[in-house]
Amino acid sequence: MEEFFSASASKRLPVAIQKLPAPEQKAFVLLRMRRGESEISRELSIPLDEARAVVRRVQEALIRSGSLDLIKSPLFFQIDHPAKEEDSPGRPVQLAKEQIDMEDRIALDRFYDALKISLDQLPKQSRRLLDLWFNKEMKAKDIIIFYKNIGVDISSKKSIDETAVNDVFYALEKNIKELLELVRTNMKHDRIELTHSGLKTILNETGV
């Protein structure tokens, strides 16, 4: 399994999956990539009936945690993208290049390039808030304290002293929506099936 995950990848898997053995973790990634039981059987080098049992354990763990949609509802390609050497560390699950179809790899490269461009196009304050939430993993109340310390308002409608936790969540949702529109614009020549919740999932797993 060492060649399948990056050093920090397992820590960024869903908590329900982190608690499972390595084969189930790898199966989860393959299920995220919409791979079937036969391919999972080949990738794990186990019989098909055993692969089905592994998949079932993954599904049961996700059902218990209320996260089955991670492998059942499409977001946008597979979000477990192999990072380029020049990319910053921290992407969720790193697959060896030979394990990714060329067409998928090209599509994912285009998406992540568009995401990077879109993040660069966001206003500085919008990106700062996303960074604090997705990268620094700060809680809303801690974000308010941070903004108070630097003397900057989170919302254009309220001063930082009047800002409440709900205002932070509202601003986050607004910034994600703005980012989503930028991504769609920057990928206008590609077919995109990226939703607001899908983008949030990607940012949760990859960071900003």
Side-chain angles (χ1 to χ4, degrees), residues 5-20 25 28-29 32 61-62 64-71 73 75-76 78-84 86-94 108 111-184 186 194-208:
F5 291 107
S6 65
S8 62
S10 61
K11 295 180 180 179
R12 306 202 69 167
L13 290 172
V15 174
I17 301 301
Q18 290 182 33
K19 296 177 180 178
L20 297 178
Q25 293 184 9
F28 167 77
V29 175
R32 287 282 277 167
L62 292 173
R64 287 194 299 270
S65 66
S67 306
L68 186 61
D69 61 309
L70 291 177
I71 62 173
S73 58
L75 296 176
F76 174 75
Q78 62 268 32
I79 68 173
D80 305 305
H81 173 61
K84 300 176 185 177
E86 65 269 22
D87 287 334
S88 59
R91 284 188 173 163
V93 178
Q94 310 300 329
L108 286 166
F111 167 71
Y112 278 100
D113 287 343
L115 178 59
K116 182 179 184 301
I117 292 170
S118 302
L119 285 166
D120 289 340
Q121 291 173 340
L122 272 180
K124 180 180 178 181
Q125 184 165 325
S126 297
R127 180 161 181 171
R128 177 198 286 135
L129 183 59
L130 295 179
D131 175 67
L132 294 176
W133 182 262
F134 291 107
N135 291 357
K136 305 300 190 299
E137 298 182 349
M138 292 175 64
K139 296 180 179 179
K141 62 181 180 179
D142 295 323
I143 290 176
I144 293 174
I145 293 172
F146 174 86
Y147 274 83
K148 284 182 178 179
N149 288 337
I150 64 174
V152 174
D153 296 331
I154 294 176
S155 170
S156 59
K157 298 180 180 179
K158 290 185 179 181
S159 71
I160 188 59
D161 291 326
E162 299 173 316
T163 299
V165 167
N166 287 343
D167 298 315
V168 176
F169 291 125
Y170 177 82
L172 281 166
E173 292 298 315
K174 181 180 178 181
N175 292 346
I176 293 169
K177 182 178 180 181
E178 182 179 0
L179 178 60
L180 176 61
E181 292 306 314
L182 286 171
V183 172
R184 286 173 171 168
N186 288 321
L194 182 63
T195 64
H196 183 87
S197 61
L199 181 56
K200 284 178 67 175
T201 299
I202 292 171
L203 296 176
N204 269 319
E205 297 191 4
T206 66
V208 174

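Values below: every heavy atom of this structure, side chains too, minus hydrogens, waters and symmetry copies. Keep in mind it's a predicted model, so treat the numbers as computed, not measured.
Taking all atoms of both residues into account, the shortest heavy-atom contact from Ala61 to Ala16 is O-CB, 3.8 Å. Contact between Lys200 and Glu173 at its shortest, heavy atoms only, is NZ-OE2, 2.9 Å. Closest approach of Asn186 and Ser118 over heavy atoms only: ND2-OG, 2.8 Å. Glu162 approaches Asp167 most closely through the heavy-atom pair O-OD2, 4.0 Å. Residue Ile144 comes nearest to Val165 through the heavy atom pair CD1-N, 3.8 Å, listed as atom of the first residue, atom of the second, then distance.
How far CG of Leu130 is from CG of Leu122: 6.5 Å, rounded to the nearest 0.5 Å. For the atom pair CG (Leu119) and CG (Leu179), the distance works out to 5.0 Å, reported to the nearest 0.5 Å. Atoms CD1 and CD1, on Ile160 and Ile154 in that order, are 4.0 Å from each other to the nearest 0.5 Å. With values rounded to the nearest 0.5 angstrom, Leu199 atom CG is found 10.0 Å from Asn204 atom CG. Here the straight-line distance linking atom CG of Asp142 with atom CH2 of Trp133 works out to 10.0 Å at 0.5 Å rounding. Taken to the nearest 0.5 Å, the CG atom of Leu20 stands 10.0 Å off from the CZ atom of Phe28.
Without hydrogens or angle criteria, Asn175 side chain to Leu172 main chain gives no donor-acceptor distance under 3.5 Å. Checking side-chain atoms of Gln125 against main-chain N and O of Asp153 turns up a donor-acceptor pair under 3.5 Å.
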(request) Given side-chain contact (heavy atoms from CB on, under 4.5 Å), test Lys174 with Leu129 step by step and report yes or no. (result) CA-CA 11 Å; Lys174 181 180 178 181; Leu129 183 59; over 6 Å; no

(request) Start with the C-alpha distance between Thr163 and Tyr147, add both sets of side-chain angles, then the distance that settles side-chain contact (heavy atoms from CB on, under 4.5 Å), and finish with yes or no. (result) CA-CA 10 Å; Thr163 299; Tyr147 274 83; over 6 Å; no

(request) Any chance you could lay out the side-chain contact (heavy atoms from CB on, under 4.5 Å) test for Phe111 and Val183, step after step, and finish with the verdict? (result) CA-CA 8 Å; Phe111 167 71; Val183 172; 4.0 Å; yes

(request) Before giving the answer on side-chain contact (heavy atoms from CB on, under 4.5 Å), spell out for Glu181 and Arg184 the whole-Å C-alpha distance, their side-chain angles and the decisive distance to 0.1 Å. (result) CA-CA 5 Å; Glu181 292 306 314; Arg184 286 173 171 168; 3.3 Å; yes

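At a threshold of 4.0 Å, the pair Asp131-Lys136 counts as salt-bridged, since one of the basic side-chain nitrogens sits closer than that to a carboxylate oxygen.
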